[in-house]
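It should be emphasised that the depicted structure is a prediction, and the values quoted were computed from it without experimental measurement. Residue numbering restarts at 1 for every chain, and letters A, B, ... go by the order of the sequence lines. No hydrogens, no waters, no symmetry mates; every other heavy atom, side chains included, goes into these values.
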Amino acid sequence: MSISFALPEGRLFKDARNLFLQIGYEIPIREGRELLVEDSENKFIFSKPFDVPIYVEHGIDIGICGSDVVEERDCDLFIPVELPFGKCRMSVIGPESADYSIEMMEGFRVCSKYPKTTSAFFSSLGINVEILKLFGAVELGPRTGISDIIVDIVDSGQTIRENGLKEIFTISQVNAVLLVNRVSLKTKFSRINEIIDRIKENLGIQSGFSLNTPKSYKSIH
Amino acid sequence: MEKDFFSESIKISKALLEVRKIFDRWGYSEIFLPFMEEFCSPLRGGMKFSDGKSFYLVKPDVTSQILKNLKAQGEYRFFYLNEVFAEEKPFSGGFAEKIGLQAGAEFIGLYSLQQKIEIISIILTVFSALSFSDFYIDFGSLKTLRKIIKSNPDKEKRILQAFSKRDFTSIEKMSLSMEEKENLFQLFNFRGKNCNIPQLDEILNSFNDERLFIDTGTVRYQEYYEDIVFEIYSPLYGKPVGGGGDYKIKGMSGFGFGLDIKKIISLSNFDFKEERMQLADSLETSYEKAREEVLKGNKVEVKV
């Protein structure tokens with residue numbers, strides 16, 4: 001039974017590849033700029049991180065991407081494991097000189113790659129903002145004057161500091177997550193649960209519950 | 001290349017004709033609900049808009065419309081073929097992409113096993129009529145899950161969310177007793193044919209069909225679902241193609257389903273060709289004959 005994997009290009013790729021290698025799935029070497037490689041049993045696709053949830057939602061069995069992307073894409077899929085890499089945070093970021101709090105941001109213009117997340121956050125506080133969606137280099141927003149603030153992920157904070165910005169508020173913590181297609185988990189139940197169990201074991205995720213232990217359903221009613 | 005909208009519509013029309021026949025043979029009447037309603041409980045789904053005075057929903061969720069509009073007690077068997085604009089996501093509050101054409105049926109009356117067997121039988125016969133055989137139906141029980149966590153009702157939404165994401169780690173981190181966690185895990189991880197939950201076992205035992213399973217981790221959450229929920233999916237497609245469950249309505253019990261019928265038709269081996277009686281005489285003669293044959297129930301094609 002073959003399994004298909006969606007791997008994120010970029011900063012998560014190495015950790016994702018190593019994780020699968022540690023549980024016995026070696027990714028074949030790519031020729032040139034191939035975006036899909038196969039071995040005798042499995043298939044591996046290399047995708048932009050923002051697109052991994054889309055691939056998994058629509059049929060790729062397993063994927064890895066950041067929880068920021070999963071929240072933004074809001075796809076219908078399973079997220080059985082949080083992974084201990086790709087840690088960063090989603091924050092509201094403004095100019096270094098900013099001396100205002102979140103509550104004072106009514107009417108602000110916000111640049112972000114995460115318009116849904118941004119909208120949900122400010123709506124939850126009852127604050128109306130105008131959101132401009134950008135696809136990258138979001139730090140340019142306040143620097144060019146097209147926005148007052150930005151919402152973006154922050155790791156070390158170096159990029160925002162070097163662009164004259166600072167964190168004003170942390171919206172959420174972010175880390176990589178394992179994604180599983182809903183239908184795949186049912187049609188490849190044992191195989192995928194075995195992969196999930198092995199990932200948890202490999203990561204030292206303490207759990208008294210193994211997905212592939214023999215099941216005997218006792219009466220609850 | 002532009003999508004050939006009309007050819008696709010003709011194919012869907014032929015398939016839906018067969019679907020309608022199946023519903024009719026089961027004694028179900030087509031229901032025509034308003035395409036737009038003023039927003040109120042229990043309406044869900046649809047596209048929201050406001051005219052500045054009131055809020056409205058365009059093409060809301062059909063079951064919620066039935067819940068709102070059904071007034072009198074009795075036994076009802078409805079079916080519908082409806083464009084569903086959007087599906088509300090119960091946990092994130094957002095909306096899924098447009099679903100498209102949905103076929104569904106509701107059996108409303110006294111709570112009974114008969115309702116469930118009949119509704120599942122309708123699904124199986126619709127799929128047979130469409131030559132769609134590569135599917136599975138998984139059944140779960142919301143009541144069993146709620147029973148386990150009855151001392152922690154405030155955690156219900158988070159637990160259901162964890163089940164819907166198949167994320168048991170979140171449940172392990174919750175402040176629940178070990179017994180509660182163990183019982184939840186048994187539900188979470190069970191997939192088979194008999195599970196000692198009578199309502200589920202009775203349904204499975206009523207059908208000799210390998211494609212029906214009990215998967216107690218199945219959570220098809222809508223606020224109106226009471227207990228039994230089910231999900232329909234195919235290995236040919238990465239997302240569920242339908243589902244349903246039971247609900248209470250004005251002291252009666254309802255059990256129904258909705259299918260992404262366009263997707264099912266596209267996955268099926270339905271034969272779109274059809275035999276028609278060819279009539280090729282003069283205009284007058286051909287159409288006289290055609291009228292006779294149509295009233296007898298035959299399909300005709302006049303080529304003059």
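Atom CZ of B/F55 has 12 or fewer heavy atoms from other residues, nucleotides or ligands within 6.0 Å. Crowding of A/E34 atom CD: a count of heavy atoms from other residues, nucleotides or ligands under 6.0 Å exceeding 12. The local environment of NZ in A/K48 is sparse, with at most 12 non-hydrogen atoms from other residues, nucleotides or ligands closer than 6.0 Å. Under a cut-off of 6.0 angstrom, the local environment of CD in A/E41 is crowded, with over 12 non-hydrogen atoms contributed by other residues, nucleotides or ligands. The environment of CZ in B/F127 is crowded: more than 12 heavy-atom neighbours from other residues, nucleotides or ligands sit within 6.0 Å. Other residues, nucleotides and ligands contribute over 12 non-hydrogen atoms within 6.0 Å of the CG atom of A/L125. Counting non-hydrogen atoms of other residues, nucleotides and ligands closer than 6.0 Å to CZ of A/F108 gives a total above 12.
Heavy atoms of A/K186 lying under 4.5 Å from chain B belong to its backbone as well as its side chain. Using a 4.5 Å cut-off between heavy atoms, A/E82 contacts chain B through its side chain alone, with no backbone atom that close. For B/S234, the part sitting under 4.5 Å from any heavy atom of chain A is the backbone (N, CA, C, O) and nothing else.
With sequence neighbours excluded, no residue forms a ring-ring contact (aromatic ring centres under 6.0 Å, His included) with A/F122. Evaluation of the side chain to side chain donor-acceptor pair (under 3.5 Å) rule for A/T170 yields no partner, not counting sequence neighbours. Under the rule for a ring-ring contact (aromatic ring centres under 6.0 Å, His included), B/F207 has no partner lying at least two apart in sequence or in another chain.
Across B/G217, B/G192, B/G238, the residue that shares the most heavy-atom pairs under 4.5 angstrom with chain A is B/G238.
Once rounded to the nearest 0.5 Å, the distance linking CD1 of A/I192 with CZ of B/R166 reads 11.0 Å. With rounding to the nearest 0.5 angstrom, the CD1 atom of A/I79 is 11.5 Å from the OG1 atom of B/T169.
Against chain B, the residues from residues 171-182 of chain A that qualify, each with a non-hydrogen atom under 4.5 angstrom away, are A/N181, A/R182 in number order.
Salt bridge absent: A/D76 and B/K239 never bring a charged side-chain N and a carboxylate O closer than 4.0 Å.
A 4.5 Å side-chain heavy-atom check between A/V183 and B/Y237 finds every atom pair outside the cut-off.
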